[in-house]
Amino acid sequence: MSGHHISSAKFLWGVAISLFMLTFLTIFVTWVHIPEPWNVVVAIGIAVVKATIVAAFFMNLYWDSKFNVMLFIMSIIFFLLFIGVTLLDTLYRTDPIPSF
Amino acid sequence: MATNEATPSVKKLQVRRFKPEENPKKHYLNEETGIWAWMTTVDHKKIGLMYLASITFFFFIGGVLALLLRTELLSPARSFMDANVYNQVFTLHGAIMIFFFLIPSVPAALGNFVLPLQLGAKDVAFPRLNLASYYIYVIGALFTIFAIFTGGVDTGWTFYTPYSTTTSGNVMAMTFGVFILGFSSILTGLNFIVTIHKLRSPGLTWNKLPLNLWGLYATSLIQILATPVLAITLLLLTMERALGIGIFDPAIGGDPVLYQHFFWFYSHPAVYIMIVPGFGIISEVISTFSRKVIFGYWAIALSSLAIAFIGFLVWGHHMFTAGQSSLANMVFSFLTFLVGIPTGIKIFNWIATMYRGSIDLKAPMIYALVFLFLFTIGGFTGIMLGALAVDIHLHDTYYVVAHFHYVMMGGMVMAFLAGLHYWWPKMFGKMYSEFWARISCALIFVGFNMTFLPQFVMGAQGMPRRYFNYIDQFQPFHQFSTMGAYVMGVGFLIMAGYLLHSMLKGKAAGSNPWGSRALEWQTSSPVPLHNFEHTPVIINGPYDYHKPMSEFQLGIATPHHDHHDDHQPTDVTQTEKEQA
Amino acid sequence: MSQPSALEEKLDHLQHHFIDSDQQFEASKLGMWIFLVTEILFFGGLFTAYIVYRSWYPELYLLASAELDTFWGAVNTFVLIGSSLTVAMAIRSAQLNQIKGLIINLWITIGLAGVFMVIKFFEYTHKFEKGIFPGSHYSYEGIAHEKANIFFSIYYMMTGLHGVHVMIGIGLMIWLVIKAKKKVFHSGYYTPVEITGLYWHLVDIIWIFLFPLLYLID
């Protein structure tokens with residue numbers, strides 16, 4: 001069939017090894033004290049890199065139709081909208097002081 | 001007959017005209033017969049009809065429940081229902097009407113039928129998934145019915161916590177039923193998106209796509225993005241009841257407003273799932289019965305997508321009085337005003353389409369005009385509710401009830417009826433009585449306004465919604481409203497009558513009784529089993545009434561390779577080899 | 001025609017409403033990506049609950065996360081990444097018409113997924129012994145926070161739902177093995193393997209986020 005990307009075994013192993021290394025990094029980073037909130041940012045950042053590698057090179061989005069890439073990114077965007085706008089409520093509530 | 005040019009990007013096709021057969025002997029209704037054939041069919045048209053039968057059934061049940069409510073409300077305090085029975089009845093009315101009638105109505109019933117036809121495809125992308133989608137709907141419905149008979153649910157269709165986590169009654173069965181139903185909605189949306197992307201006929205570029213399909217496309221996008229959040233909400237609610245998870249119940253450490261965020265993140269876009277397909281139908285009907293090209297094609301197409309997107313950002317307007325932060329309140333109110341703009345654009349474009357058109361006042365068109373009038377009222381009052389300070393006064397009153405009935409019933413149901421009356425001849429090959437259709441429409445229109453117009457006034461005067469009892473000043477309003485409900489009921493009964501008569505003894509419709517240019521009308525009525533005997537080739541837009549009908553019936557012979565015939569594979573290998 | 005030709009056999013999978021195998025394959029892939037979108041939003045709800053409660057009670061998360069065994073969480077991460085590798089190798093085998101390789105790689109993936117579930121099982125039972133149950137059955141005294149039950153409710157919901165998805169993946173892959181043994185797949189048709197692989201990678205991606213968010217809070 002035309003247009004079906006076939007990755008070499010070496011390439012796939014390379015992707016896996018890079019993911020293993022990033023996993024080690026995820027753990028090592030927790031041994032270094034990083035002030036709030038940056039420690040969360042770093043952890044999520046590494047996770048995002050790992051997820052992108054899986055999506056691009058295991059799920060073949062790198063060689064796939066742009067629409068599939070857009071679908072994936074859109075779902076993330078809508079998730080971020082959900083959490084972002086919800087936080088506009090949950091982070092900004094001030095407890096009313098009873099007047100009695 | 002297909003010839004290949006040397007240049008890789010341009011492929012020339014030798015087309016000829018394929019006139020649809022009038023009064024076909026064999027069509028999709030008589031080619032596969034018997035109960036088993038229907039129950040195992042993967043034909044999108046039959047699946048669409050099965051959905052149509054189911055949603056009609058649930059509309060009837062939901063309608064009866066509404067009449068029960070309105071009859072109880074003829075006088076304050078108890079007439080014939082206890083208060084907790086009343087609570088169960090309005091919960092059921094809402095849940096059934098929304099989840100089992102409105103959400104599937106246009107996409108699953110009419111959409112399933114029409115979408116492949118409008119694309120020139122032989123079926124949707126995943127026909128077996130389509131059938132599965134229907135059975136999932138049925139199973140969800142059975143769970144809900146089971147819930148009714150094993151304790152009932154009295155929380156309102158919104159299942160707000162902490163009441164829903166602590167009340168007796170079979171909340172879990174109903175939420176589980178709706179959870180299952182969500183999958184049906186998701187799979188239909190999935191099927192439609194893939195079909196529209198992958199199974200378009202040659203020449204059917206995005207700028208020639210019928211607006212009905214733009215509407216279904218936008219709806220499908222909402223379905224796949226929003227419904228999963230409903231699923232997780234209901235799952236969490238079920239776990240809260242079963243295990244006491246504690247995310248939503250303040251007594252065990254949770255936040256009830258968080259539940260509302262979760263619930264409305266789906267349920268607001270859900271109202272767009274309900275209405276956007278209706279917008280698509282109105283575009284088709286108004287253009288056909290004005291005999292004119294649609295005004296502002298791209299404005300209408302893109303506004304569907306804009307509504308889909310902005311619709312995801314306004315859910316907090318259901319929660320203005322719930323205890324949200326002021327910041328969130330203001331943001332949601334502002335965004336709510338924004339979402340009215342693309343809808344307004346559509347209304348103006350439809351009116352501009354009618355201007356200087358050749359208006360044919362057949363039943364579908366009358367319903368479309370009714371839609372324009374009633375939906376505009378509904379839309380306006382929605383914007384009024386979106387004004388933060390106004391909503392503080394109007395929230396949880398009959399004003400809200402009137403608003404959403406104007407948009408859902410005055411808008412969506414009217415659009416659905418327009419679509420039903422429009423595509424009826426295509427589905428059954430029969431016409432219905434235009435006279436009785438108008439009588440029914442008039443009764444429904446008058447009855448509807450009698451029922452819901454007073455509710456705006458009542459609500460503004462303070463009558464709360466979901467209340468079983470009320471003070472005397474509201475009684476005349478309630479009584480007038482109930483009379484209207486019965487008038488509407490009669491209108492629907494008449495509709496059932498003439499439509500049934502049409503199915504059994506109606507006059508034969510031609511392939512194109514309305515003279516439309518759209519692709520579904522270029523094949524016979526009723527439709528052949530595989531939709532088209534050829535592969536349609538599109539050269540014009542779907543609303544180009546200034547072009548002759550013959551230009552809409554062009555096509556090439558299909559390399560047919562289904563299981564019946566023996567000598568197909570050669571054609572297919574030709575196509576496969578062309579790619580290599 | 002009495003005997004179907006080799007080419008006709010190869011096109012057995014082609015459904016009548018598609019023009020050719022490529023269109024059918026691309027359509028199936030698009031369909032699976034759309035389904036993955038729904039899965040992302042589905043889990044997204046749980047991540048939202050997590051984020052909201054972490055923003056309200058950051059000290060709770062710090063305390064409670066100490067109860068989760070980082071070592072086994074890390075092992076599970078490696079296991080799942082490994083299983084993503086092997087499922088990608090399985091697809092590669094199918095693309096190269098190496099059906100034996102396809103079946104072996106599928107079995108290894110299933111095996112790794114099984115290891116994941118076994119480790120999860122021991123994690124859960126270890127917690128149950130201490131009284132860390134979901135929801136109202138929570139009875140552990142060891143965390144000095146009144147909302148401790150909420151953290152673990154979220155923990156059990158997220159990892160539990162993820163575990164259900166792992167089990168569904170195992171089921172799907174067993175089905176693929178059965179079909180592969182019946183010679184259904186070849187280099188011209190391996191769509192179910194491809195789309196199951198896509199599903200499995202998403203299950204991996206979700207765990208890639210769950211691991212730091214649940215186990216590595218400090």
Side-chain angles (χ1 to χ4, degrees), chain B residues 116 121-127 129 183 186-187 189-191 193-195 197-199 220 223-233 235-236 239-240 242-247 252-255 258 261-262 265 530-531 535 558-563 566-569 572-573 575-576 578-579, chain C residues 1-2 4-5 7-11 14-24 26-50 52-53 56-57 133-138 145-154 156-157 160-161 188:
Chain B
K122 296 205 169 4
D123 209 313
V124 289
F126 309 116
L129 204 63
F183 283 108
I186 286 175
L187 292 176
L190 191 158
N191 230 330
I193 294 175
V194 180
T195 311
H197 270 273
K198 295 292 181 194
L199 291 180
S220 302
Q223 277 175 299
I224 61 163
L225 288 167
T227 318
V229 179
L230 177 72
I232 194 67
T233 307
L235 191 63
L236 284 172
M239 290 295 125
E240 188 111 342
L243 298 174
I245 295 268
I247 298 183
I252 34 182
D255 178 39
L258 189 63
H261 278 296
F262 272 67
F265 184 81
H530 292 301
N531 298 346
T535 301
T558 324
H560 214 69
H561 55 262
D562 77 300
H563 36 261
D566 274 342
H567 52 273
Q568 278 31 263
V572 177
T573 57
T575 326
E576 295 263 322
E578 273 167 36
Q579 316 285 15
Chain C
M1 253 183 232
S2 46
S5 74
L7 193 51
E8 280 156 9
E9 258 179 349
K10 286 198 121 205
L11 294 169
L14 186 55
Q15 297 180 312
H16 82 283
H17 53 285
F18 287 110
I19 283 293
D20 58 32
S21 302
D22 248 359
Q23 189 190 42
Q24 187 173 316
E26 292 298 319
S28 298
K29 217 168 14 137
L30 175 59
M32 179 45 84
W33 272 107
I34 295 174
F35 179 69
L36 295 184
V37 164
T38 68
E39 290 279 45
I40 291 172
L41 267 307
F42 189 51
F43 275 94
L46 288 178
F47 279 99
T48 303
Y50 169 99
V52 168
Y53 276 99
W56 280 338
Y57 307 111
F133 286 97
S136 56
H137 308 279
Y138 182 84
H145 201 290
E146 50 164 16
K147 303 263 188 201
N149 61 321
I150 296 213
F151 175 85
F152 285 104
S153 294
I154 294 179
Y156 279 118
M157 279 300 301
L161 194 61

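Note on naming: letters A, B, ... go to the chains in the order of the sequence lines (proteins, then strands), and numbering restarts at 1 for each one. Atom set for the values below is all heavy atoms of this structure, side chains included, hydrogens, waters and symmetry mates excluded.
No side-chain heavy atom of C/Phe133 sits under 4.5 Å from any side-chain heavy atom of B/Leu243. For the pair B/Asn531 and B/Asp123, the minimum side-chain heavy-atom distance is 4.5 Å or more.
Rounded to the nearest 0.5 angstrom, C/Trp56 CH2 and C/Lys147 NZ are separated by 8.5 Å.
Proximity to chain B (any heavy atom under 4.5 Å) is shown, for C/Trp33, by neither the backbone nor the side chain. For chain C, the nearby parts of B/Ala231 are the backbone and the side chain; heavy atoms of each come within less than 4.5 Å. Proximity to chain C involves both the backbone and the side chain of B/Ile224, based on heavy atoms less than 4.5 angstrom apart. Heavy atoms of B/His261 lying under 4.5 Å from chain C are absent altogether. Both the backbone and the side chain of C/Phe35 have a heavy atom closer than 4.5 Å to some heavy atom of chain B. Residue B/Asn191 does not touch chain C at all, counting heavy-atom pairs closer than 4.5 Å. With a 4.5 Å cut-off on non-hydrogen atoms, C/Ile154 touches chain B through its side chain but not through its backbone.
Between chain B and the options C/Ala49, C/Gly31, C/Pro134, the largest number of non-hydrogen pairs under 4.5 Å is found for C/Gly31. Interface summary for chain C: among B/Ala242, B/Gly254, B/Ala226, B/Ser220, the most heavy-atom pairs under 4.5 angstrom belong to B/Gly254. Contact count against chain C (heavy-atom pairs under 4.5 Å) is highest for B/Pro228 among B/Pro127, B/Pro116, B/Pro228, B/Ala121. Chain C forms more heavy-atom pairs under 4.5 Å with one residue of B/Leu225, B/Val229, B/Leu129, B/Leu230 than with any other, namely B/Leu225. Of all the listed residues (B/Val124, B/Thr227, B/Leu187), the one sharing the greatest number of non-hydrogen pairs under 4.5 Å with chain C is B/Val124.
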Handout entry: Evaluation steps, side-chain contact (heavy atoms from CB on, under 4.5 Å), between B/Thr233 and B/Phe265
Key = CA-CA 10 Å; B/Thr233 307; B/Phe265 184 81; over 6 Å; no

Practice task
Decide side-chain contact (heavy atoms from CB on, under 4.5 Å) for B/Asp255 and C/Val52; before the verdict, give the C-alpha distance in whole Å, the side-chain angles of both, and the deciding distance to 0.1 Å.
Solution key: CA-CA 10 Å; B/Asp255 178 39; C/Val52 168; 5.8 Å; no

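Across all non-hydrogen atoms, the minimal contact from B/Leu199 to C/His17 is CD2-O, 3.7 Å.
Within the 3.5 Å criterion, the main-chain N or O of B/Ile186 finds no donor-acceptor partner in the side chain of B/Gln223.
Classified by interplanar angle (parallel below 30°, tilted 30° to 60°, perpendicular above 60°), the ring pair C/Phe152/C/Tyr138 is parallel.
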